[in-house]
Amino acid sequence: MASELRLDGGFIYGWPRFIVACLFGGLVVLGASVLGLYNGFPLPQLGLGSGGKWWKKKKKVRVYMDGCFDMMHYGHCNALRQARALGDELVVGVVSDEEIIANKGPPVTPLRERLIMVGALKWVDEVIPDAPYAITKEFMFKLFNEYNIDYIIHGDDPCLLPDGTDAYELAKKAGRYKQIKRTEGVSSTDIVGRMLLCVRERSSSDNHSHSSLQRQFSHGHGQKVEDRGSGSGTRVSHFLPTSRRIVQFSNGKVTLQGPGQDARIVYIDGAFDLFHAGHVEILRIARGLGDFLLVGIHPDQIVSSNRGAHRPIMNLHERSLSVLACRYVDEVIIGAPWEVSKDMITTFNISLVVHGTVAENNDFQKGKCNPYAVPIEMGIYRQLDSPLDITTSTIIKRIVANHEAYQKRNEKKAESERRYYEDKTYVAGD
């Protein structure tokens, strides 16, 4: 009785009824029954590769990227997106509070909140808390041997330790280093500078009729903060949104195809300024209430009219990218209306409208114009208990409370920022 063997796509399939040994191109192939496999199942460790070599399952490429990720913004998100594209799995090291204090000064966001932010990114597969600021020889070997890291990733901007040495020198010497393109238009230093400007501007003038600082940043008024006399030493970068960047952040089968016809669509809206752990946690809960989470992001004018002329700190497109990067979000409405209308509910087939208990403006139900009046009347509105008592104002108050420390940190960072932009050359990548 003969056994049938078939070579298909590099795998050998067999339908033997007893142990069979046959020669095929000089290679001995054992019957599948010996290995306990059944009809139609591939033999994962047996096969013919190029040159008659044994076929082995392709190893996943694991890449590592670390950072402080303080006041996480779309620049951090884009860096991690690029890093993930260089491998199959992305492991992220989040530097401890103590290491940040020793090397840069006090962080705005404590480690617990930074871990929530990094873990919620759609491109992150694993997180290592309390990572060292500098990659030592011992930690590098730990990455290679315990975490099975193939490459260590960093941006094209220099990362120097207090003694002036390259923080990634060891990884480069080991030949296990890869570089990505820095995302221009924002940095944690830049965001802190924006808030320091807000504090200075508001204290020097009670006239809020001028345009918000955020719009000045977005539209290119004043390349440097020093030109406007803040003395914070922060370079104001210019955010240049592109359609490709929005598509990159929107990747994902569900997002590109849209929700199914019978999907339960949950809607939540807000400013989502200075995207923080409180935002992430309420989005996580909202996503758990349905099949598809639609997030409405209010335009700059609406935010300014409700929260003051100096808000939002981040413009509409910056805020949209940060929300899109969150793994719990399926789609965003860029420039969502203040009121949730019947037409909007019908257009997007919204099943449930939600809002958190912790928010900048929670007095809307007392006013004449309740933005959720229609969904409340329809019986599809629900208020959710916010897990964290954090708002954008919380972040701003942290900056104000440590105003001097952050201003000194920004002044220290200004020189390296200046050198980067003066020596800047084109770097391929996205």
Side-chain angles (χ1 to χ4, degrees), residues 66-80 92-121 127 129-131 133 159 183 185-202 213-214 217 225 230-237 239 271-281 307 310-315 318-319 321-323 325-326 358 360 387-414 416-417:
D66 60 11
C68 301
F69 304 107
D70 195 16
M71 297 185 61
M72 194 156 194
H73 49 70
Y74 66 89
H76 292 131
C77 301
N78 193 46
L80 294 173
V92 181
V94 182
V95 178
S96 68
D97 293 341
E98 293 74 20
E99 287 273 273
I100 297 177
I101 293 171
N103 289 276
K104 300 178 67 173
V108 178
T109 311
L111 178 63
R112 175 173 175 265
E113 294 177 21
R114 290 185 285 119
L115 290 174
I116 291 174
M117 295 296 294
V118 173
L121 284 187
V127 179
D130 293 316
Y133 189 80
C159 182
T183 304
V186 71
S187 68
S188 297
T189 305
D190 174 42
I191 296 172
V192 171
R194 297 186 193 189
M195 283 183 276
L196 293 177
L197 269 176
C198 289
V199 175
R200 184 177 179 86
E201 291 278 338
R202 294 184 69 173
L213 289 171
Q214 166 270 316
F217 301 146
V225 169
S230 75
S232 68
T234 304
R235 180 189 193 281
V236 176
S237 302
F239 173 64
F272 296 99
D273 195 15
L274 298 178
F275 196 63
H276 52 71
H279 291 137
V280 168
E281 288 295 87
R307 302 182 188 179
H310 291 85
R311 303 280 292 276
I313 301 296
M314 311 291 285
N315 70 41
E318 292 176 310
R319 292 181 282 122
L321 289 178
S322 292
V323 175
C326 181
V358 175
E360 300 277 355
L388 297 178
D389 188 13
I390 306 173
T391 66
T392 301
S393 293
T394 304
I395 308 298
I396 295 176
K397 287 175 182 177
R398 292 175 184 175
I399 297 291
V400 174
N402 291 281
H403 177 92
E404 293 184 4
Y406 293 124
Q407 182 158 314
K408 288 179 181 178
R409 188 175 79 175
N410 276 22
E411 289 171 352
K412 186 177 180 180
K413 181 74 174 176
S416 62
E417 288 278 302

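Keep in mind the model is a prediction, meaning the values are calculated, not measured.
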Could you measure the distance from the [atom1] atom of [X] to the [atom2] atom of [Y]? Nearest 0.5 Å is fine.
X      : Y      : atom1 : atom2 : value
Met71  : Glu113 : CE    : CD    : 11.5 Å
Ile116 : Leu111 : CD1   : CG    : 10.0 Å
Ser322 : Asn78  : OG    : CG    : 11.0 Å
Ile396 : Leu274 : CD1   : CG    : 6.0 Å

What are the two closest non-hydrogen atoms of [X] and [Y], and how far apart are they?
X      : Y      : answer
Gly278 : Leu388 : N-CD1, 4.0 Å
Arg319 : Phe272 : CG-O, 3.7 Å
Glu360 : Thr392 : OE2-N, 3.1 Å
Cys77  : Leu121 : SG-CD2, 3.6 Å
Cys68  : Arg114 : O-NH1, 2.8 Å
Asp70  : Val108 : OD2-N, 2.7 Å

Heavy-atom side-chain contact between Val358 and Ile390 under 4.5 Å: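 A side-chain contact is absent here, since even the closest heavy-atom pair is not under 4.5 Å.
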
Could you tell me whether a side-chain N or O of [X] sits under 3.5 Å from a main-chain N or O of [Y], the two making a donor and an acceptor?
X      : Y      : value
Asp273 : Ile313 : yes
Glu99  : Ser96  : no
Arg398 : Thr109 : no
Arg307 : Ser393 : no

Geometric class of the Phe69/His76 ring pair [parallel <30°, tilted 30-60°, perpendicular >60°]: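 Geometry flag for Phe69 against His76: perpendicular rings.
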
Geometric class of the Phe275/His279 ring pair [parallel <30°, tilted 30-60°, perpendicular >60°]: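 Ring orientation, 0 to 90° scale: parallel.
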
